[in-house]
Amino acid sequence: MATLKITQIKSRIGSTAQQCKNLDALGLRKINQTVTHSDSAIIKGMITRVKHLVKVEVVE
């Protein structure tokens with residue numbers, strides 16, 4: 001199973017409360033912070049909600 005490398009590239013200031021909660025659930029607190037998660041439907045759904053704030057890379 002692939003792993004996703006997720007990096008926050010924009011500030012959460014001005015985002016909705018739900019988008020901030022999704023960033024918190026992904027483990028992202030600061031700009032340029034990177035976390036890794038397994039590739040699952042739940043994680044992809046959270047990424048979709050905040051796709052304008054994050055950069056996603058697939059790591060094999």
Side-chain angles (χ1 to χ4, degrees):
M1 180 181 273
T3 303
L4 299 175
K5 182 177 171 184
I6 308 160
T7 304
Q8 183 177 347
I9 57 169
K10 289 191 177 181
S11 173
R12 65 173 61 206
I13 295 173
S15 300
T16 64
Q18 188 64 41
Q19 290 169 342
C20 290
K21 289 178 184 178
N22 276 323
L23 287 173
D24 289 338
L26 287 169
L28 296 169
R29 307 280 191 269
K30 303 177 192 177
I31 296 175
N32 293 325
Q33 183 179 4
T34 301
V35 294
T36 56
H37 287 286
S38 60
D39 190 6
S40 68
I42 295 169
I43 298 298
K44 283 187 177 179
M46 287 194 281
I47 291 169
T48 302
R49 297 282 182 147
V50 293
K51 62 185 174 194
H52 59 289
L53 301 175
V54 298
K55 177 177 73 170
V56 181
E57 300 172 22
V58 179
V59 179
E60 294 298 324

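We use all heavy atoms of the structure for the numbers below, so side chains are in, but hydrogens, waters and symmetry mates are not.
Listed here is the closest heavy atom pair of Glu60 and Ala2: OE2-CB, 4.4 Å. Between Met1 and Ser38, the shortest heavy-atom distance links the atoms SD-CB, 4.1 Å.
With a 4.5 Å cut-off between side-chain heavy atoms of Ile, Leu, Val, Met, Phe, Trp and Tyr, the cluster of Leu23 takes in Leu4, Ile6, Leu26, Leu28, Val35, Ile42, Ile43, Met46, Ile47, Val50, Leu53, Val54, Val56, Val58. Hydrophobic side-chain contacts under 4.5 Å tie Ile9 to no other Ile, Leu, Val, Met, Phe, Trp or Tyr residue.
Between Gln33 atom CD and Thr7 atom OG1 the span is 9.5 Å, to the nearest 0.5 Å. Between Gln19 atom CD and Lys51 atom NZ the span is 11.0 Å, to the nearest 0.5 Å. Summarising the geometry, atom OG1 belonging to Thr34 is positioned 5.5 Å from atom NZ belonging to Lys5; distances are rounded to the nearest 0.5 Å. The CZ atom of Arg49 lies 6.0 Å from the CD atom of Gln18; values are rounded to the nearest 0.5 Å.
Judged by distance alone, the side chains of Thr36 and Thr3 never bring a donor and an acceptor atom under 3.5 Å apart.
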- Could you go through the side chain to side chain contact (heavy atoms under 4.5 Å, CB included) check for Arg29 and Asp24 one step at a time? CA-CA 7 Å; Arg29 307 280 191 269; Asp24 289 338; 3.7 Å; yes
